[in-house]
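First the proteins, then the strands, lettered A, B, ... as listed; each starts at 1. Fair warning: this is a prediction, and the values are worked out from it, not measured in the lab.
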Amino acid sequence: MPRYNPATIEPKWQAYWEQHRTFAAPRMPAAGKPKLYALDMFPYPSGDGLHVGHPEGYTATDIVCRAKRMQGVSVVHPMGFDAFGLPAEEHAIKTGEHPRVQTEKNIATFRRQLKMLGFSYDWSRELATTDVAYFTWTQWIFLTIYDTWFDREQQKGRPISELPIPSHIADQGAAAIHAYQDEHRLAYQTEAPVNWCPALGTVLANEEVKDGKSERGDHPVVRMPLRQWMMRITAYADRLEKELEPLDWPEGVKALQRNWIGRSLGAEVDFAIRGGAKLPARDSLRVYTTRPDTLFGATYMVISPEHAMVSTLTTPEHKAVVKAYCEQAAMKSDLDRTELAKDKTGVFTGSYAINPVNGEAIPIWVADYVLATYGTGAIMAVPAHDERDFEFATKYNIPIKQVVASKDGEEVTLPFCEQGVAVNSEKFDGLPTAEFKKKITAWLAEQGLGREAVNYKLRDWLFSRQRFWGEPFPLLHELDAAGNKTGRVVAVPKESLPVDLPHLDDFKPHGRPEPPLDKAPEEWLYPVIDGVRYKRETNTMPQWAGSCWYYLRFLDNKNSHAVIDHEIEKAWMPVDLYIGGAEHAVLHLLYSRFWHKVLYDRGVVSTPEPFQKLVNQGMILGENGEKMSKSRGNVVNPDEVVREYGADSLRLYEMFMGPLPDSKPWSMEGVSGVRNFLGRVWRLIIDEKADELCLSEALVDDAPSDEDLRMLHATIRAVTEDIDRLSFNTAIARMMEFVNHFTRLDRRPWACLQPFVLLLSPFAPHAAEELWQVLGHATTLAYEPWPEYDEAYLKSDTIELPVQVNGKVRGKVTVAADADQLTVLAVAKADGRIAEYLTGKKLVKEIVVPGRMVNFVVAG
RNA sequence: GCCGGAGUGGCGGAAUGGCAGACGCGCUGGACUCAAAAUCCAGUGCCCGCAAGGGCGUGAGGGUUCGACUCCCUCCUCCGGUACCA
């Protein structure tokens, strides 16, 4: 009867924890105690339910939280749902059911599954990004960002009311001032291309488009510009890069972020224009280059098809060709312009630019290998020292002029893109690249022809979506008497939030590229305030919005007066441990950091960074070593694992598979292995053959032997340290050794087994609680003091040392643990086999590593 | 191409300058049983050997060191990310 049966004990303890609110975290960390904010990346509640990948990171944080509570730390460990998302909206389009219905269902499934796994979340802090009470504050933060401009001098976001207004603007009156402010806000409007699918009557996300066709239905998709909201994340590029440095994050993730931000240092150079039909002499073309030292090798210029000067630079005889080329380029998607079109194309404009360093006239081309959105959208092309320019110049027979030679004077094959020394560069010849860059940049600056410049790969963040199921923007567009937008945008006052989603009769696309909220009822869409008629903003926010700041709301999720209470924020932030998938290494973390920095600048939060320590769990692969997916048929369902083996086994197995950050394949036999371990733990303490649940007869009051104590204290130390290192697989291995040792004994000292149950409890909390109860305790072990180890028990009187001869182990000797080196050497030499190896040889060197080994180096 | 991570028994993995393979799976043998399951005990890198013992061995090659899975150099393979950013 009393076999280890997770199916009964797991629900029992889950109910106990819930009833006793065992894991409710205090509003503020306990005074005088250290705090721990341990956070899981909250899941998107998909219709498929929990995946076995989810509990991996969740178990890791849970183990840390449970151990830390027992170590007297104030712990907050919340969970919630990133619940906006496309699938619910698609379901709504198909069925007419409100996306909220499907979303709530999915959340209920996720919640049930998470509870089934026994995580010690404080469920009273639960939130979903789709809760109106939550997105009220998402909208509040949006308005704060909207109300902020970035002061470059102070490198800080400031209220728009503090934006200095130039007098020539102020002179033009209120409308001009308003427009000027709008240009400087961190949230601003622009025209940006979207993927419009006429057949589906909707705008598609990039990932919904495959080869210019819709993924669903394979209908043609066209790119068309649409009014969109952007976030000026580029203003924070420098800080986002620099403030990454001190964070305790994986180096790989930091590198990814740095790379994504892509800061580069170079120079802007102005090339005067010559030969254009109607060009005044002062006109010039500005380029950005990271290699100003190659200026003497510039043999042509390229502007992107979207460059503002395309038409002015095109001479009449080239007009038709250039126009055709630009139109064609506009049709291409980003993908077509990069991957699919490795072959470079371009057309000559008919104009020439004057190279400022040598006065040479060089042709200006239009080519789509130059991006409008990077640098100035124009380049000086140096085919000898740039692969792309080399390819282009070769194709169009443009001269290639070498201006950098290798440092060692060896011949180089062009294009030569490394650093070297200058040649064919007049008075600069012989200068090493780095030095030349500095000199020429200074010279250009002196001449007023250029200046040092920094550029970023990072682009501003396209923040609007043409979707229903997202947070509405709390913004109004003023309308004139004719019902047209005046261009003036007004924020909904923060006191009037939330702006809830309107009722729609159905969710079918209305067939226009404008967002679905354009279908909203008049009374929602056209509010009248103080006699002025407005149209609401109908774009909605992207899924990122809700996940950008949820870590703050967890700390004060019921607050109806503020995003978060200051005192609470100060006391709990930052997040001390953040665990989640590597797929969020760039965007989620970057966006979140950006919002956090704005909130920091605006005094809402007190730390410059939200996440102090970050860990990415590895991917769990299918039994065949491939990525788990329905199509591969190798998906493991956590419900089934729990039914068959129990939640404790699932938790333990996922931690035992290997190091947390590694990818590792699933193995049901492995699950069965840890299930077996839990059975052994059970039998260590419980009499399985008795009719009633009672302690094993082997459990006795005997004083533990030295060996028992050594095992216990070694286990305490290893498990404690391994939890701190997040090295859960080795912690479990050490507990298995403990169990192997004591299983062999038919008299098992109580004094050793009881602390062991506490060590096990963060990993297999249900089994541990049950054992703890059988051991005679009336309440949960969740706050029992964590066992401490005593060095004294770890020491042994004698130790066995391997003895090497020339680095090969040839014997072992036993010596007193505190034996000095001479004694150790003497004992080692006296050993029969070692003596054999030493006789007749010349002893060159003797090495003793105290407590580790002895090595004799012999010759001859 | 570039950036990041990883290559160790039949398998998952351990050891971050000091006995390679902890722990688990699998496999083999034994105990218990009428038998099986369950459980418990023992063994298990490869090669030679009855054994004692010896040789080989951490993707490949080189180097540093008394000693290298671990540090350095060159290269190969796999996984993940990214790609005309001038």
Side-chain angles (χ1 to χ4, degrees), chain A residues 3 250-256 258-260 262-264 266 287-291 294 302 337-339 341-342 344 367-371 373-382 385-389 391-392 417 455-459 582-583 585-586 616 618-619 621 623 625-627 652-653 656-659 661-674 676-677 679-680 683 688-689 718 727 729-737 739-740 743-744 746 800-812 833 844-858:
Chain A
R3 304 240 321 232
E251 275 313 312
V253 177
K254 288 191 191 179
L256 274 173
R258 277 193 206 105
N259 218 312
W260 192 263
R263 184 181 201 272
S264 75
V287 302
Y288 173 73
T289 176
T290 54
R291 289 295 298 272
T294 60
V302 183
R337 279 177 65 166
T338 57
E339 264 170 274
K342 290 275 188 227
K344 291 184 176 39
D368 67 4
Y369 79 92
V370 169
L371 306 174
T373 47
Y374 185 78
T376 60
I379 62 160
M380 63 174 207
V382 186
H385 306 290
D386 182 284
E387 273 178 45
R388 299 151 299 183
D389 298 344
E391 196 192 316
F392 192 84
C417 306
N455 255 296
Y456 301 92
K457 282 204 261 183
L458 183 69
R459 301 295 149 77
E583 66 273 19
V586 178
N616 290 132
M619 213 186 319
L621 308 170
E623 298 227 33
E626 292 171 23
K627 211 166 167 167
L652 210 51
Y653 173 64
F656 189 59
M657 291 171 86
D662 290 7
S663 287
K664 47 230 160 211
W666 187 269
S667 154
M668 276 304 176
E669 285 177 338
V671 184
S672 157
V674 294
N676 190 41
F677 163 69
R680 278 164 75 81
R683 287 187 293 278
E688 212 176 36
K689 298 203 179 72
S727 178
N729 55 331
T730 52
I732 295 165
R734 297 308 290 263
M735 290 192 284
M736 286 172 169
E737 286 184 73
V739 170
N740 290 344
T743 295
R744 266 178 235 123
D746 42 20
E800 194 185 49
L801 288 184
V803 182
Q804 299 181 340
V805 178
N806 284 349
K808 282 190 200 292
V809 179
R810 297 299 185 182
K812 286 178 186 181
R833 283 192 57 217
V844 179
K845 202 166 179 182
E846 301 171 333
I847 296 141
V848 179
V849 183
R852 299 310 296 255
M853 46 76 65
V854 179
N855 189 13
F856 295 113
V857 183
V858 298

Is any side-chain N or O of A:N616 closer than 4.0 Å to OP1 or OP2 of B:G4? no
Take atom P in B:A38 and the same atom in B:G29, then report the distance between them in whole Å. 16 Å
Can you tell me which nucleotide in B:G12, B:C66, B:C41 comes closest to the side chain of A:F656? B:G12
Need the pair for B:C27. Rule: Watson-Crick or G-U wobble, both distances under 3.5 Å, any strand; none if unpaired. B:G43
Which base sits across from B:G61 as a Watson-Crick or G-U pair, both distances under 3.5 Å? B:C73
Does the structure show a Watson-Crick or G-U wobble partner for B:A22, both distances under 3.5 Å? Name it, or say none. none
Re B:A35: Watson-Crick or G-U wobble partner, both distances kept under 3.5 Å, found to be none
Tell me which nucleotide, if any, is Watson-Crick or G-U wobble paired with B:A52 when both distances must be under 3.5 Å. none
Phosphate oxygens OP1/OP2 of B:A15: is one of them under 4.0 Å from a side-chain N or O of A:R852? no
Rounded C1' spacing from B:G21 to B:C46 in Å: 13 Å
Nearest to the A:P659 side chain among B:G24, B:G18, B:A14, which nucleotide is it? B:A14
A:M736 versus A:V674: any side-chain heavy-atom pair under 4.5 Å? yes
In whole angstrom, give the distance that lies between atom CH2 of A:W260 and atom C1' of B:C2. 15 Å
Counting heavy atoms from C-beta on, name the nucleotide in B:C41, B:C66, B:A86 closest to the side chain of A:T743. B:C41
Apply the syn/anti split at 90° from 0 to B:G9 and say which one it is. syn
Nucleotide nearest A:N855 when distance is taken to its side chain, options B:A14, B:G67, B:C23: B:G67
Strand partner of B:G80, provided both Watson-Crick or wobble distances fall under 3.5 Å: B:C3
